[in-house]
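Reading through the structure tokens given below for one structure.
Residue indices begin at 1 and follow the sequence shown. The structure displayed is predicted, hence computed values, not measured ones.
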Amino acid sequence: MILVTGAAGFIGFHVTQHLLARGEQVIGIDNLNNYYDVRLKQARLAELEGRNGFSFHHLDIADKTAAASFFKDHGGLTGIIHLAAQAGVRHSLVDPYSYIDANVTGHLVILEACRHLKEIKHLVYASSSSVYGGNTKMPFAIGDRVDQPVSIYAASKLADELMTTTYSHLFGLPATGLRFFTVYGPWGRPDMSAFLFTRAILSGKPIQVFNGGDMRRDFTFIDDIVAGVLAALDRPPSAVGGARPHRVYNLGNHRAVALMDFIAAIEKACGRKAQIDFQPMQPGDVKETLSDIEATTRDLGYRPTTEVEVGIPRFVDWYRRYYAV
């Protein structure tokens with residue numbers, strides 16, 4: 001039985017769908033917070049509820065008492081995919097406390113559960129490409145320095161990696177951290193660029209483009225991310241040669257797409273031109289991201305296949321259907 005935290009979230013929803021499709025028993029938990037439209041989270045859940053093998057619990061992982069009660073009542077878990085988190089780089093400048101509560105305390109709660117639930121064979125958890133901070137060396141590789149984060153969100157994700165390293169060392173916990181690179185696709189988050197740009201273009205409103213449009217991102221389609229998550233789940237690291245059983249990998253598309261090219265792909269899928277409002281670089285943001293996935297391919301067999309020219313039309317098609325545009 002697999003526990004998916006953040007099951008009503010963008011990535012959690014898709015991961016849960018694929019786990020159920022391959023016959024897994026899945027328990028999903030989520031606190032359904034209002035960082036973005038709760039109705040979208042509820043709509044994702046509606047797609048999952050009633051499916052054979054799925055059950056859902058409304059739970060905040062940062063609530064230590066409620067979480068302890070949940071884990072006491074739910075034995076038989078063999079794996080945890082921990083995706084619940086307070087997301088958003090820019091919002092972390094507005095409400096930093098929520099990031100420490102959800103991403104640091106919440107992650108610690110999951111680690112403690114894994115420590116005491118001896119049947120847990122593997123913890124897979126979400127990190128982020130934001131841990132690379134202002135690094136200018138491209139592509140970002142796992143061995144690069146990550147000690148200079150430029151946002152509270154990034155710092156909280158780096159803290160998750162460090163805590164997991166400690167628990168893996170002390171308690172032999174098999175764990176895999178995944179640094180996600182700019183995920184987009186159907187059922188995506190409304191605060192992400194693909195969603196923001198599509199909504200604005202289809203409604204005839206201007207889009208804000210930061211750093212004068214001089215930015216590049218390793219945009220990664222959700223299906224490729226899910227494939228990486230499941231590959232990681234199926235390959236728990238071992239303590240070979242006395243090394244702690246904890247690994248960290250990049251999950252990206254290994255292609256840096258210029259922001260203006262990304263916008264052009266959305267314009268083409270929408271059949272409309274964007275009204276662009278150029279803005280300066282935002283605090284906590286970075287100019288470019290690009291993933292080195294050599295280790296991910298070698299160890300997990302990860303090979304992303306969906307380019308922006310394919311993924312963006314699929315997202316826009318979903319958006320039109322969901323919002324009846």
Query raised in the report: Taking only residues two or more places apart in sequence, or in another chain, which ones meet Asn31 in a side chain to side chain contact (heavy atoms under 4.5 Å, CB included)?
Result: Asn33, Asp60
Query raised in the report: Do the side chains of Phe54 and Phe70 join up, straight or via other hydrophobic residues, at under 4.5 Å, putting them in one cluster?
Result: no
Scan the side chains in residues 229-242 for donor-acceptor partners under 3.5 Å anywhere in the protein, sequence neighbours excluded, and list what turns up.
residue: Asp234; atom: OD1; partner: Arg22; partner atom: NH2; Å: 2.8
residue: Asp234; atom: OD2; partner: Arg22; partner atom: NH1; Å: 2.9
residue: Arg235; atom: NH1; partner: Ala231; partner atom: O; Å: 3.1

Query raised in the report: His91: what forms a ring pair (Phe, Tyr, Trp, His ring centres under 6.0 Å) with it, not counting sequence neighbours?
Result: Tyr35
Query - salt bridge (Lys or Arg N to Asp or Glu O under 4.0 Å) partners of Asp144, counting only residues at least two apart - result: Lys137
Query raised in the report: Is the closest side-chain donor-acceptor distance between Asp218 and Ser291 under 3.5 Å?
Result: yes
Report summary line: ring pair (Phe, Tyr, Trp, His ring centres under 6.0 Å) pairs touching residues 268-308, sequence neighbours excluded, are none
Requested in this report: Find out if a path of hydrophobic residues (ILVMFWY) with successive side-chain heavy-atom gaps under 4.5 Å connects Tyr167 to Val109.
Outcome: no
Requested in this report: Mind listing the closest non-hydrogen atom pair of Leu300 and Gly228 along with its distance?
Outcome: CD1-O, 4.4 Å
Query raised in the report: Is the number of heavy atoms from other residues, nucleotides or ligands under 6.0 Å of Glu294 CD greater than 12?
Result: no
Could you go through residues 198-208 and list every donor-acceptor pair under 3.5 Å that involves a side-chain atom there, pairing it with any protein atom two or more places apart or in another chain?
residue: Thr198; atom: OG1; partner: Ala194; partner atom: O; Å: 2.7
residue: Ser203; atom: OG; partner: Arg199; partner atom: O; Å: 2.7
residue: Ser203; atom: OG; partner: Ala200; partner atom: O; Å: 3.2

Report task. Measure the acute angle between the ring planes of Tyr322 and Trp318, then classify it against the limits of 30° and 60° as parallel, tilted or perpendicular. Result -> parallel
Requested in this report: Write down the atom of Val286, the atom of Met281, and the distance for their closest heavy-atom approach.
Outcome: C-CE, 3.9 Å
Query - Pair Asp277-Gln279, side-chain hydrogen bond (donor to acceptor under 3.5 Å, both in side chains): steps then yes or no - result: CA-CA 6 Å; Asp277 175 19; Gln279 295 285 326; 3.0 Å; yes
Query raised in the report: Are Leu251 and Val124 connected in a single hydrophobic cluster, I mean Ile/Leu/Val/Met/Phe/Trp/Tyr linked by side-chain heavy atoms less than 4.5 Å apart?
Result: yes
Query raised in the report: Ring centroid separation for Phe221 and Tyr184, is it under 6.0 angstrom?
Result: yes
Query raised in the report: Between Ser98 and Asp95, does any side-chain donor sit less than 3.5 Å from a side-chain acceptor?
Result: yes
Query raised in the report: Listed by chain and number, what are the ring pair (Phe, Tyr, Trp, His ring centres under 6.0 Å) partners of His107, not counting sequence neighbours?
Result: His82, Tyr125
Query raised in the report: Quick one: do Glu112 and Arg115 make a salt bridge, cutoff under 4.0 Å?
Result: yes
**Report entry** Residues clustering with Tyr99 (ILVMFWY side chains joined when closer than 4.5 Å, directly or via others)
**Finding:** Val89, Ile152, Tyr153
Query raised in the report: What pair of heavy atoms forms the shortest contact from Lys157 to Ala85, and how long is it?
Result: NZ-CB, 3.6 Å
Report summary line: ring pair (Phe, Tyr, Trp, His ring centres under 6.0 Å) filter on Phe197, not counting sequence neighbours, yields none
Report summary line: Result for side chain to side chain contact (heavy atoms under 4.5 Å, CB included) between Leu45 and one of Leu32, Thr16, Leu40 points to Leu32
Query raised in the report: What residues, two or more places apart in sequence or in another chain, satisfy salt bridge (Lys or Arg N to Asp or Glu O under 4.0 Å) together with Arg321?
Result: none
**Report entry** Ring geometry between His57 and His74 (parallel below 30°, tilted from 30 to 60°, perpendicular above 60°)
**Finding:** perpendicular
**Report entry** For Tyr249, all residues meeting ring pair (Phe, Tyr, Trp, His ring centres under 6.0 Å), sequence neighbours excluded
**Finding:** none
Query - Closest heavy-atom pair and its distance - Ser151, Ala154 - result: OG-N, 3.0 Å
Requested in this report: Keeping the roles fixed (side chain from Asp160, backbone from Ser127), state whether a donor-acceptor pair exists under 3.5 Å.
Outcome: no
Query raised in the report: What is the minimum heavy-atom distance between Ser156 and Asn103, and which atoms define it?
Result: OG-ND2, 3.0 Å
Query raised in the report: Do you know which two heavy atoms are closest between Val308 and Arg255, and how far apart they sit?
Result: N-NH1, 4.5 Å
Query raised in the report: Salt bridge or not for Asp299 and Arg247, using N-O below 4.0 Å?
Result: no
Query raised in the report: Using the benzene-type ring in the case of Trp, are the ring centres of His246 and His169 under 6.0 Å apart?
Result: no
Query - Short N-O contact, Arg298 and Asp292, less than 4.0 angstrom - result: no
Query - Main-chain N/O of Trp187 paired to Arg44 side chain as donor or acceptor, under 3.5 Å - result: yes
Query - Test side chain to side chain donor-acceptor pair (under 3.5 Å) applied to Lys287 - qualifying residues, sequence neighbours left out - result: Asp214
Query - Common cluster, Ile293/Phe219, ILVMFWY with side-chain heavy-atom separation under 4.5 Å - result: yes
Query - NZ/NE/NH1/NH2 to OD/OE distance under 4.0 Å, Glu161 and Arg179 - result: yes
Query - Asn253/Glu307 under side-chain hydrogen bond (donor to acceptor under 3.5 Å, both in side chains): CA gap, chis, key distance, verdict - result: CA-CA 8 Å; Asn253 198 37; Glu307 302 299 341; 3.1 Å; yes
